[in-house]
Amino acid sequence: MRKYVVGLLVFACILAGGLYYWMGLQEDTDAPVISFPEGSVLYEENEDTSVLLEGVTAIDEVDGDVSDTLVVESIIPSSDETSATVIYYARDTKNNVGRASREVEYRPEEGILWILETEEETEPETKKIEETEEEYSGLSTVYPRITLTTHTVTIQNGESYNLLSYVASVSDDVDEESYLYTQIHIEGMYEISGPGVYELYYTVADREGNFSDPAKLTLTIE
């Protein structure tokens, strides 16, 4: 009888261990892998970021192709504004997040360069500045819309952070939220590692190409 009980206990332990191991295998903790096509890409400031997503894929070991979740998280121009680092974001159904970056050719908006190079021509310069202020005025009431959880963030130099985590909501009168989250754009110059105070502008686009009013986030890296 004692041997029988001991045998049952041993069998139960083996069964429990096997079940635990099987459950561990089923847990999906791997993030999607983002891959880029060969060849150079030119991005012009304020251009639709769809050009940066052409040919880019995100593959997950469990979910397969999750390229529809790809988002351009941020675009960081170099100091001479001839190139930019583009950071991409993708997620699977378990919310495992994969990120990757690549360098692209970058061309600043002509109007901005023109302002800097023609300081003596005050009248045209004033016109360009007014256009910029109008762009970020936030007075429009048309869809789509984007709101942030906060408008000021302070982090330590080298600390990891996710710019998309500051998005509170996106909405549109036609498009669904899941689609809008793939169309979030973040514009602004900042250093990935380096102290400073940076202004970032979040926008979201609907399927018809309409952009929301920008939501401003002041990022302080200490």
task = Applying side chain to side chain contact (heavy atoms under 4.5 Å, CB included), run through Leu53 and Val72 and close with a yes or a no.
result = CA-CA 8 Å; Leu53 293 170; Val72 174; 3.9 Å; yes

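- Cluster annotation: Ile155 is connected to Ile186 through the hydrophobic network of ILVMFWY side chains, with a link wherever side-chain heavy atoms come within less than 4.5 Å.
- Here the straight-line distance linking atom CZ of Arg91 with atom OG1 of Thr182 works out to 8.5 Å at 0.5 Å rounding.
- Open room surrounds CD on Glu61; 12 or fewer heavy atoms of other groups in view lie less than 6.0 Å from it.
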Test log, rule side chain to side chain contact (heavy atoms under 4.5 Å, CB included), inputs Lys94 and Val62 = CA-CA 10 Å; Lys94 297 296 183 181; Val62 176; over 6 Å; no

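- Among residues at least two apart or in separate chains, ring-ring contact (aromatic ring centres under 6.0 Å, His included) pairs with a member in residues 79-100 are Phe36-Tyr88.
- The backbone N or O of Val204 sits less than 3.5 Å from a side-chain atom of Ser212, completing a donor-acceptor pair.
- In this structure Asp80 satisfies the side-chain hydrogen bond (donor to acceptor under 3.5 Å, both in side chains) test together with Ser78, Thr82, sequence neighbours excluded.
- Residue pairs that meet the side-chain hydrogen bond (donor to acceptor under 3.5 Å, both in side chains) test with at least one member in residues 163-173, sequence neighbours left out, are Thr147-Ser169.
- When side chains are defined from C-beta on, Leu42 counts as touching Arg107, because their heavy atoms get closer than 4.5 Å.
- Within the structure, the ring-ring contact (aromatic ring centres under 6.0 Å, His included) test picks out the following pairs touching residues 167-188 (sequence neighbours left out): His185-Phe211.
- Legend: residues meeting side-chain hydrogen bond (donor to acceptor under 3.5 Å, both in side chains) with Thr57, ordered by chain and number and at least two apart, are absent.
- The side chain to side chain contact (heavy atoms under 4.5 Å, CB included) check on Asp63 picks up Asp60, Val66, Asp92, Thr93, with sequence neighbours excluded.
- Residues Pro32 and Val97 come closest through the heavy atom pair CD-C, 4.4 Å.
- In this structure, OG1 in Thr29 is found 6.5 Å from CG in Asn96, a value given to the nearest 0.5 Å.
- The two atoms that bring Ser67 and Ala58 nearest to each other are OG-N, 3.0 Å, heavy atoms only.
- Interatomic distance, CD1 of Ile76 versus CD1 of Ile87, reported as 4.0 Å (0.5 Å rounding).
- Taking both residues in full, the closest heavy atoms of Leu52 and Arg102 are given as O-NH2, 2.9 Å, listed atom of the first, atom of the second, then distance.
- In this structure, CG in Asn162 is found 9.5 Å from OG in Ser74, a value given to the nearest 0.5 Å.
- In terms of the salt bridge (charged side-chain N to carboxylate O under 4.0 Å, His left out) criterion, Glu105 has no residue partners (sequence neighbours excluded).
- Contact record, Val56 with Leu70: O-CD1, 3.4 Å, taken as the closest heavy-atom pair.
- Side-chain heavy atoms closer than 4.5 Å link hydrophobic residues (I, L, V, M, F, W, Y) into clusters, and following such links, even through other members, never connects Val71 to Ile59.
- Nearest heavy atom pair, residue Pro37 against residue Gly55, reads CD-O, 3.4 Å.
- Shown here are the side chain to side chain contact (heavy atoms under 4.5 Å, CB included) partners of Ala84, two or more places apart in sequence or in another chain: Ile75, Val104, Tyr106.
- Note on Ile34 and Val51: same hydrophobic cluster, where clusters join Ile, Leu, Val, Met, Phe, Trp and Tyr whose side-chain heavy atoms are under 4.5 Å apart, directly or indirectly.
- Residues passing the side-chain hydrogen bond (donor to acceptor under 3.5 Å, both in side chains) test with Thr218, sequence neighbours excluded: none.
- Residue pairs meeting the salt bridge (charged side-chain N to carboxylate O under 4.0 Å, His left out) criterion with at least one partner in residues 200-211, sequence neighbours excluded, are Asp175-Arg207, Glu176-Arg207.
- Every side-chain hydrogen bond (donor to acceptor under 3.5 Å, both in side chains) that Glu222 has, sequence neighbours left out, goes to Gln156.
- When the side chain to side chain contact (heavy atoms under 4.5 Å, CB included) test is applied to Leu148, the partners found at least two apart in sequence or on another chain are His151, Val167, Tyr202, Ala215, Leu217.
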